[in-house]
Undergrad: 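Dumping the structure here so I can ask a few things about it.
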Amino acid sequence: MEIRMWQREIETMQRDAIKELQLEKLKSMVAKLYRDVPHYKKKFDEAGVSPDDIKTLSDISKFPFTTKEDIRVNYPYGLFAKPLKEIVRIHASSGTTGVPTVVGYTRNDLNTWSDLVARIVVAAGVTGEDIAQISFGYGLFTGALGLHYGLEKIGATVVPVSSGNTERQINIMRDFGSTVLISTPTYAMYLAETAKGMGLEKGDLKLKIGLLGSEGCSDEFRDEIEEKFGIFPTDNYGLSEIMGPGISGECVYREGMHIAEDHFLAEIIDPVTEEVLPMGSTGELVLSSLTREGIPLLRYRTKDITTLIDEPCRCGRTHTRMTRTLGRSDDMLKVKGVNVFPTQIESAIVGIEGIGSHYLLILRRENYMDNLEVKVELVDGKVLESYGELEKIQMTIKKRLLTILGLDAKVTLCSPMELERFTGKAKRVLDLRFEKEGGR
Amino acid sequence: MYVKQISVFIENTKGRLADITSVLAKGSIDIRALSLADTTNFGILRLIVDRPFDAEKMLKESGFTVSVTSVIAIGIEDRPGALAEALKILEEGDISVEYLYAFISKTSGKASVILRVDDGDKAVEMLVNGGITFLSDKDIIEI
């Protein structure tokens, strides 16, 4: 198989050369932060570190972390390293809690960004012949515009349909002959369900590739999208604070997402002790910008849980890969002392006959004990002939949850389409443990 | 012999049964017989109606999990011991009944019994040999 790359020379650099390049860029970045961003000067001084302390890449561990909170207290432009005159684009994260996090891009940043997105879309198998439908919401969110400019750069035909109006999405997909879908995995599944509901067969749509990013998803969920929708789903990773999409993405082998190490330095830390963990450990991803001009961040805590792989990939790319994220450390639930990621629940329910792939986790505290309830949709009437069949389904899910999580959960079946569908990031957890429930 | 039955999945939440029957009312579906059994978590409502496939479509469109299956329908005398005689035949054939519900017809004075068994064809054969009367979809509608 011919492996296509957008910037082959960089993407296949020798590992030593990558490290050398990173060190050189890190040195100048730290110096720039100290000189141009008062917040960093203050933080470095408080921690007793100076730019001269960077002798090797691992010296970065002496420097303080940057958190979402740091961006918020400097709202809106306090962390920008360039005057607004040089900033040509602003993006902001949704800010579900409190103040949004605002980021700025210089013209060079936008050029870099579109190249990075071009790398991941080419890695996923997209070419200039493709028609790419972007079903992310346009606006302050980086997902849609990020993919948009990267796809335009490689010469694909971009259909900026944005999110929502699912039937219209399907009609456009069919009429325009879209071959690439850009959406969240959950929305891709919802589109597949809707298309089926509209009476469309797999062959009625020309979709080939899905770039399904922006939320974690299990292998099983992904396989189901592949089967139902007839597309080849690939994952990619990004976060608006650092750049947006394009930080890393899967190639056609789907054995980890290739991090653009010429622009970002990745570390894995223990989210609790904040200690740097050795290569191959699972922990929170920490990213440093190496080239960003508008708002370079040092040691940004992404809250995403992943593992790094530093062996070169079968595709020939040499940059470090990260496994698909298990979830955000914020999404991690502690139930009876056990760490639970919603994606683990997903892998327990996907593929069970009669059960849909959407789910809701409900956590309650009764008599000082945590109770986990998993609600799933019974979508197929075939099993209604006997209680035995229905109870068997409940037991199977219960057993799988016990195996995967070591937790005893209550499994509740509900009617199809009863659980809420999400066009953006899915909310699958209802934590009632710290609230008083009425009427129970 | 066999009649069409609709099964509907019901969560144990308030108002679901009313929702289902409202959907059927709106579609002018006539319910001939019904049976509801539940566990603590969920229930299954079984219905014999005049237009089963229309009813299935309406319920599906309203977001319910529904299936249409064939069940055995027999007519027996409305007198003590009649049901026992019919069931005895099945017992002798080593056929187990998964569920059953019965109702009295206003006009014929006969009792109708809806049966779901593990081996339908064998049950039918046994019942035929035992001289039991079967009901068709048409008979049920005309009850």
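Below, read A as the first sequence line, B as the second, and so on, with proteins coming before strands; counting in each chain starts at 1. No experiment lies behind these values; they were computed from the predicted model shown. All heavy atoms count here, side chains included; hydrogens, waters and symmetry mates do not.
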Undergrad: Tell me, side chain or backbone of A/Val383 under 4.5 Å from chain B's heavy atoms, or both, or neither?
TA: neither
Undergrad: Side chains of A/Gln169 and A/Tyr190: is there a donor and an acceptor less than 3.5 Å apart?
TA: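 Per modelled atom types, A/Gln169 and A/Tyr190 side chains form no pair under 3.5 Å.
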Undergrad: Check each atom of B/Glu56 against the heavy atoms of chain A and say whether the ones under 4.5 Å are side chain, backbone, both or neither.
TA: neither
Undergrad: Can you confirm if the NZ or CZ of A/Arg428 lies within 45° of the ring axis of A/Tyr359 and under 6.0 Å from the centre of its six-membered ring?
TA: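 Positive - A/Arg428 is close enough to the ring of A/Tyr359 and near enough to its axis.
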Undergrad: Please report, to 0.1 Å, the donor-acceptor pairs under 3.5 Å made by any side chain of residues 80-97 of chain B, with sequence neighbours excluded.
TA:
from	atom 1	to	atom 2	distance (Å)
B/Glu85	OE1	B/Arg79	NH2	3.1
B/Glu85	OE2	B/Arg79	NH1	3.4
B/Ser96	OG	B/Asp118	OD2	3.0

Undergrad: Among A/Leu390, A/Asp380, A/Val379, who wins on heavy-atom pairs under 4.5 Å with chain B?
TA: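 Option with the greatest count: A/Leu390.
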Undergrad: Table please: side-chain donor-acceptor pairs of residues 61-68 of chain B below 3.5 Å, with sequence neighbours left out.
TA:
from	atom 1	to	atom 2	distance (Å)
B/Ser62	OG	B/Met58	O	3.0
B/Thr65	OG1	A/Leu378	O	2.5
B/Ser67	OG	A/Gly381	O	3.1

